[in-house]
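When a residue number appears, it is its place in the shown sequence, counting from 1. We use all heavy atoms of the structure for the numbers below, so side chains are in, but hydrogens, waters and symmetry mates are not. First listed ligand is number 1; within each ligand, the first listed atom is number 1. Values in this document were obtained by computation on a predicted structure and should not be read as measured data.
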Amino acid sequence: MAMKEKKHVRIYNEVTKEIFEAEIAPKREPAILRGLDIGSAREKWTPEYLAQYGGERTVKVHVCPSGKMDFIHKNFAYKTLPFNQFVKRACEDIHEEYFISPVEKYYLRSLGDDPRKDISDITVQFPSLAQDINIPKLYSEDRFFSSVFRISSPQGQLWTHYDIMDNLLIQVTGRKRVVLYSPRDATKLYLNGDKSEVLDIDNPDLSKYPKFAEATPLECFMEPGDVLFIPAMWFHNVISLQFGVAVNVFWRHLDPCYYDNKDTYGNKDLVPATRAMQIMDRAIKALEELPEEYKDFYARRVICKVKDKCYSRKHK
Ligand code: AKG
């Protein structure tokens, strides 16, 4: 079975907050925002500069023998390194000092001071570097949730996942490819929590994941200075084509009552959604008490009911 042809993310130039709020965010589709002022970081953030100004603060990083990180078979380890050491290693092809292999790859998703309680905010964890970046204020500042460093070795690939908040991914240095899938493709992505089990999106095993062929990929290649708007729940898979530094900002675009207060990553499902999933687990348990043919019959009825009542008219 052939996979669907890739579509391309729409590019907008020199967008203002007014245009973003009136025309782009309401579409609920990813968009590349080009020509925004992201500050002097774009020129300044060489590996040497990052190492000097990021200093010795320790960071927890993913270390993987190959670029393709596999969350199912856990082919990576979490290791702690001083930030300057990490940057040095992440831009090397072959390492003199290493954990697993001389060609291992590194990936940083920065965390808060206490990752269980604190939210990543680069102005708190990396104040001198944060001065160099101008985060485009396309959202109301009182909605800000977190700012996260994403620093990757060349060929580092992050699995397909979704977040529950709106997001601006600011590519500061290095090129990367991002492939996105609509929230409506959730049923074709073989989800395990917030992640897709289909790791090799370019050569998927369609005998194991046949429905993946029906998902429609939306692709973009980000250049330094590009900002990608990733609306909440849009799945994204990211590969760094070069050593690259990005900062992403999440903000709460919905009423604060929806969000789980214990969410430090911006990826815990909204409170009513978590409740619905738990109720569904209980419904499944109840169905399992039935003889096979009744279970099948009532499962179909439950699905019909959920579809009729809950699918959006726009997408039925
Ligand atoms: C995000 O912005 O949510 C990402 O997952 C970006 C990952 C990356 O750019 O490395």
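- Between Lys27 and Glu23 there is no salt bridge, since no side-chain N of the basic residue sits under 4.0 Å from a carboxylate O of the acidic one.
- Of the inter-residue distances, the one linking Leu254 atom CG with Arg143 atom CZ reads 8.0 Å to the nearest 0.5 angstrom.
- Residue pairs meeting the side-chain hydrogen bond (donor to acceptor under 3.5 Å, both in side chains) criterion with at least one partner in residues 192-202, sequence neighbours excluded, are Arg177-Asp202, Asn192-Glu197, Asp194-Asn267.
- Remark: Arg10 engages no residue in a salt bridge (charged side-chain N to carboxylate O under 4.0 Å, His left out) (not counting sequence neighbours).
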When you check ligand 1 against the protein, what N or O pairs turn up below 3.5 Å? List the atom names and distances, or just say none.
unit_1: ligand 1; atom_1: 2 (O); unit_2: Asn167; atom_2: ND2; d: 2.9
unit_1: ligand 1; atom_1: 3 (O); unit_2: Arg150; atom_2: NH2; d: 3.4
unit_1: ligand 1; atom_1: 3 (O); unit_2: Asp163; atom_2: OD2; d: 3.1
unit_1: ligand 1; atom_1: 3 (O); unit_2: Asn167; atom_2: ND2; d: 3.1
unit_1: ligand 1; atom_1: 3 (O); unit_2: His236; atom_2: NE2; d: 3.0
unit_1: ligand 1; atom_1: 5 (O); unit_2: His161; atom_2: NE2; d: 3.1
unit_1: ligand 1; atom_1: 5 (O); unit_2: His236; atom_2: NE2; d: 3.3
unit_1: ligand 1; atom_1: 9 (O); unit_2: Lys176; atom_2: NZ; d: 2.6
unit_1: ligand 1; atom_1: 10 (O); unit_2: Tyr107; atom_2: OH; d: 2.7

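- Electrostatic pairing of Arg28 and Asp166 counts as a salt bridge here, judged by a charged N lying under 4.0 Å from a carboxylate O.
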In residues 271-278, what donor-acceptor pairs under 3.5 Å come from side-chain atoms, sequence neighbours left out?
unit_1: Thr274; atom_1: OG1; unit_2: Asp269; atom_2: O; d: 3.4
unit_1: Thr274; atom_1: OG1; unit_2: Leu270; atom_2: O; d: 3.3

